[in-house]
Number of protein chains: 2
Amino acid sequence: MAVTIKDIAVEMGITPSSVSKALNEKSDVSTDLKRKVRQVAQEMGYKKNMLAVRLVTMKSNTLGVFIFSRTKIRNSESTAYKYLNIMLNEAKKYGYDIVLFSIESSLSENKSYIDLCRERQVEGALFIGFENNDYHLEELVHSGLPVVMIEKNISSENTGCVMVDNAGGISLGMNYLFTLGHEKIAFIKGHFAAELSEIRFSQYRKMMEEKNIYSDRLVFEGDFSLESGYAVGLRISEMPELPDAVFASNDLMAIGVIRAFSEKGIKIPDDISLIGFDNFEIGKYVQPKLTTIAQNFSDIAESAVTMIFNMINSGLHGRSVLLDPELIVRESCAINKKYTD
Amino acid sequence: MAVTIKDIAVEMGITPSSVSKALNEKSDVSTDLKRKVRQVAQEMGYKKNMLAVRLVTMKSNTLGVFIFSRTKIRNSESTAYKYLNIMLNEAKKYGYDIVLFSIESSLSENKSYIDLCRERQVEGALFIGFENNDYHLEELVHSGLPVVMIEKNISSENTGCVMVDNAGGISLGMNYLFTLGHEKIAFIKGHFAAELSEIRFSQYRKMMEEKNIYSDRLVFEGDFSLESGYAVGLRISEMPELPDAVFASNDLMAIGVIRAFSEKGIKIPDDISLIGFDNFEIGKYVQPKLTTIAQNFSDIAESAVTMIFNMINSGLHGRSVLLDPELIVRESCAINKKYTD
DNA sequence: AAAATTTACGAAAACGATTGAGAAATATTA
DNA sequence: TAATATTTCTCAATCGTTTTCGTAAATTTT
């Protein structure tokens, strides 16, 4: 069917090994033959069979990428894709392919992530999002396979992670809110199965407690989705006394809140301030423009790929790298009026 | 390193072929041996090497998917990911893997899409988005490799496509607008390199011309991005006389328009009606809620995968399938006041 | 009990490449 | 010119499977 080096060999009256070496620019073949072989290969439409190459060289040059879609954690398909895109381009620079794994179906097959990786001979695995209750984590950590996770804080010999400094991001936002004179700051938590939900909330709680102004009644359960933000927004609007501000665990929920408040006639930032987390582009187009904490998705993905290649090629251990978030001030926060009284 | 069937064979004092047959549930091996082999394999932590399997069986069980990221056509990373996700799950049902290809890097390597596919032995390729000026199209069509494209209307022996009926979608929106009494309908075109931009615009133009109300001054260039929608919105707001309505080629641009109008004090839908295309979830949360044309991304992706497997397994030819769009009426369109005068 | 059939396993070739060791051809040195 | 060194190619093993064919043993049929 397809033309092989053997075909080229018989065509040229030489051996397959010479063809292989010529095509791979080995030193023990004359430049003249190289040229001829290249030309014949071209003419015959030869394409090397990577399956064979990888089998014999025992190098798959392949990275596995797992994206969690089962529960739509963070509801941010768009960020998953951003990550994926960067990973793809970075991997290509190293000459690696990326094979995608979907979580839901692999679980139904009753194959663990490691099984999938071993079968495909992937040299490393990248995880985008990881659920707290996933019992495969243990296995991953002890597998020996280089693994790096995004949005899940972990580091061991063979597993690393890269994520934004979520606690730092919350601090940035909280301090900004404090500076503006806000004290009754409500918080909308993210999806319970995402580790960063807990991290963000903990930092919020810690900072509120330090000021002795923490109250359970100020925290609301969300799941990172627009809808959940909207639902919480409605509930907040019905509180006997409005909070000074609300800190949403992500932009999507913040936008849901904007919608709810708008329907209830609550003005942002006049009646209440609002801050999000992520810095999605859409935040610049909602009314009011959303003040938020930015995380650089490209940097995260790039660091993840860099780390995994360091682990694969240089045998480095997994590390936990935290990237700096940034406060993006736009229009959804204002000075607390009560403060000026 | 890793345990192979040979290892199992020596361990059990049988031959590799028996192990292979046992593991593959072949009929010419006793159920007793099968059981034993399974157990030993399990104990020894055997994982079959798919590279070897695929090489010998001459079946890669792999689909290639190409996503165009070079020019951020449609600016809809999120839809690309939605497509990808469905494809992944559908492919898994057939026992296929998906390897991802990034367009930009492949071009820099000077390897055509077909080269990449042939090397990896992929059995079919899925394209998400395709640029008008991509000169590789010709090669694809004549490659013999099963290919199906999303958002690019083409069909030949080995290439098919699936997309929403864009012209029909525009008709839906235009007729709705006409019913509401609008005549001066502005149109924001999508990215010039996307085929569907032309399709959508053509239908708009056709319907306007049928009513003899087409004017070049009512059409604006966009590129599917929020920013471009915003920019056009600003320009529209500065027109000597406001149009009755604006039809944006996608929701993102419509949201940009909302922002621009809001800043200029133009009320939607009181002063002007607005309609989008895509039915992104965010449309329900902007103010006013966006009326739009819905396309079902899941259906599109599923159809694409189904088609490619039909081509791969049953040798069916590529077809061009058009899915029905739907008008989603929300709040951004109202009856034309001039009409009621 | 002999013949025919079935069952269960082994031997070996294959898939398409790579690679180190060895052989042949050519070039270099003494 | 002979000996040595260098270049250039061939040989053959290998990667981990699958699969066809062959054959001995077990089973069934006559």
Side-chain angles (χ1 to χ4, degrees), chain A residues 1-38 40-41 44-62 95 97 115-123, chain B residues 1-38 40-41 44-62 95 97 115-123:
Chain A
M1 198 72 170
V3 24
T4 69
I5 53 170
K6 196 171 178 180
D7 297 328
I8 299 179
V10 306
E11 170 74 21
M12 300 184 66
I14 57 178
T15 66
S17 39
S18 297
V19 177
S20 171
K21 288 177 181 177
L23 256 18
N24 289 313
E25 297 289 335
K26 297 290 178 180
S27 58
D28 64 342
V29 48
S30 66
T31 51
D32 184 52
L33 186 61
K34 282 178 186 167
R35 191 180 44 72
K36 286 180 185 163
V37 170
R38 261 199 306 269
V40 175
M44 297 179 69
Y46 170 77
K47 293 291 171 304
K48 80 163 58 176
N49 185 331
M50 296 305 283
L51 253 37
V53 174
R54 288 166 179 176
L55 178 59
V56 68
T57 59
M58 302 277 271
K59 259 201 124 265
S60 70
N61 276 70
T62 302
D97 280 346
D115 287 353
L116 292 170
C117 289
R118 295 257 184 263
E119 280 189 356
R120 273 75 176 183
Q121 312 295 117
V122 309
E123 298 178 28
Chain B
M1 198 72 167
V3 25
T4 70
I5 54 171
K6 197 170 178 182
D7 297 328
I8 299 179
V10 304
E11 170 73 23
M12 300 183 67
I14 58 178
T15 67
S17 41
S18 297
V19 177
S20 171
K21 290 177 186 175
L23 257 18
N24 289 315
E25 297 289 333
K26 298 290 177 181
S27 58
D28 65 342
V29 49
S30 66
T31 52
D32 185 52
L33 186 63
K34 282 178 186 167
R35 192 179 43 73
K36 286 181 187 163
V37 170
R38 262 199 307 269
V40 175
M44 298 180 68
Y46 171 77
K47 294 290 169 306
K48 83 163 56 177
N49 185 332
M50 296 305 284
L51 252 38
V53 174
R54 289 166 178 176
L55 176 59
V56 68
T57 59
M58 302 277 270
K59 258 201 125 263
S60 69
N61 275 73
T62 302
D97 281 346
D115 287 353
L116 291 169
C117 289
R118 295 257 185 265
E119 281 189 355
R120 272 76 175 183
Q121 312 294 115
V122 309
E123 299 179 28

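Here is how names work: the chains are called A, B, and so on, in the same order as the sequence lines, proteins then strands, and each is numbered from 1. Values below: all heavy atoms of this structure, side chains included; hydrogens, waters and symmetry mates excluded.
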Problem - DNA chain C contacts made by residues 13-23 of chain A, counting heavy atoms under 4.0 Å - result: A:S17, A:S20, A:K21
Practice task
Could you check if a side-chain atom of A:Y46 sits within less than 4.5 angstrom of a side-chain atom of A:L23, using non-hydrogen atoms only?
Solution key: yes
Handout entry: Residue B:K6 excluded, over 12 heavy atoms near NZ under 6.0 Å
Key = no
Problem - Whole-Å distance separating the CZ atom of A:R35 from the P atom of D:dC9 - result: 12 Å
Handout entry: Below 4.0 Å: OP1/OP2 of D:dC9 and any side-chain N or O of A:S30
Key = yes
Exercise for the section: Report the nucleotide, chosen from D:dT17, D:dG16, C:dA17, that has the shortest atom-to-atom distance to any side-chain atom of A:T4. Expected result: C:dA17
Handout entry: Salt bridge B:R118-B:D115, side-chain N to carboxylate O under 4.0 Å
Key = no
Exercise for the section: Could you tell me whether the side chain of A:M50 reaches within less than 4.5 Å of the side chain of B:Q121, counting heavy atoms only? Expected result: no
Practice task
Heavy atoms only: give me the nearest A:M44-A:V3 pair and the separation to one decimal.
Solution key: O-CG1, 3.2 Å
Practice task
Output yes when at least one side-chain N/O atom of A:K59 is less than 4.0 Å from OP1 or OP2 of D:dC15, else no.
Solution key: no
Exercise for the section: Would you indicate what A:V56 reaches in the nucleic acid, counting non-hydrogen atoms under 4.0 angstrom: base, sugar-phosphate, or nothing? Expected result: base
Exercise for the section: Taking the side chain as every heavy atom from C-beta outward, state whether A:D97 and B:R120 have any atom pair closer than 4.5 Å. Expected result: yes
Handout entry: Minimum side-chain heavy-atom gap A:I14-A:L33 below 4.5 Å
Key = yes
Handout entry: Between P of C:dG16 and CG of A:N49, the distance in whole Å
Key = 7 Å
Completion exercise
Against the side chain of B:A52, the closest entry in D:dT17, C:dT18, C:dG16 is D:dT17
Practice task
Examine C:dT19: is either OP1 or OP2 under 4.0 Å from a nitrogen or oxygen in the side chain of A:K26? Give yes or no.
Solution key: yes
Practice task
Indicate, with a heavy-atom threshold strictly under 4.0 Å, whether B:K34 touches base, sugar-phosphate, or nothing.
Solution key: nothing
Practice task
Would you kindly give the NZ-to-P distance between A:K47 and C:dA17, to the nearest whole Å?
Solution key: 12 Å
Exercise for the section: Would you mind classifying the nucleic acid contact of B:L51 as base, sugar-phosphate or nothing, using non-hydrogen atoms under 4.0 angstrom? Expected result: nothing
Completion exercise
Between the CD atom in B:E25 and the NZ atom in B:K34, the distance rounded to the nearest 0.5 Å is 5.0 Å
Handout entry: Shortest non-hydrogen contact between B:R54 and B:S60, atoms and distance
Key = NE-O, 2.9 Å
Problem - Length of the line joining B:I8:CD1 and C:dC9:P, which is rounded to integer Å - result: 15 Å
Under 3.5 Å, which protein N or O atoms sit close to an N or O of nucleotides 22-25 of chain C? Give each pair with its distance.
none

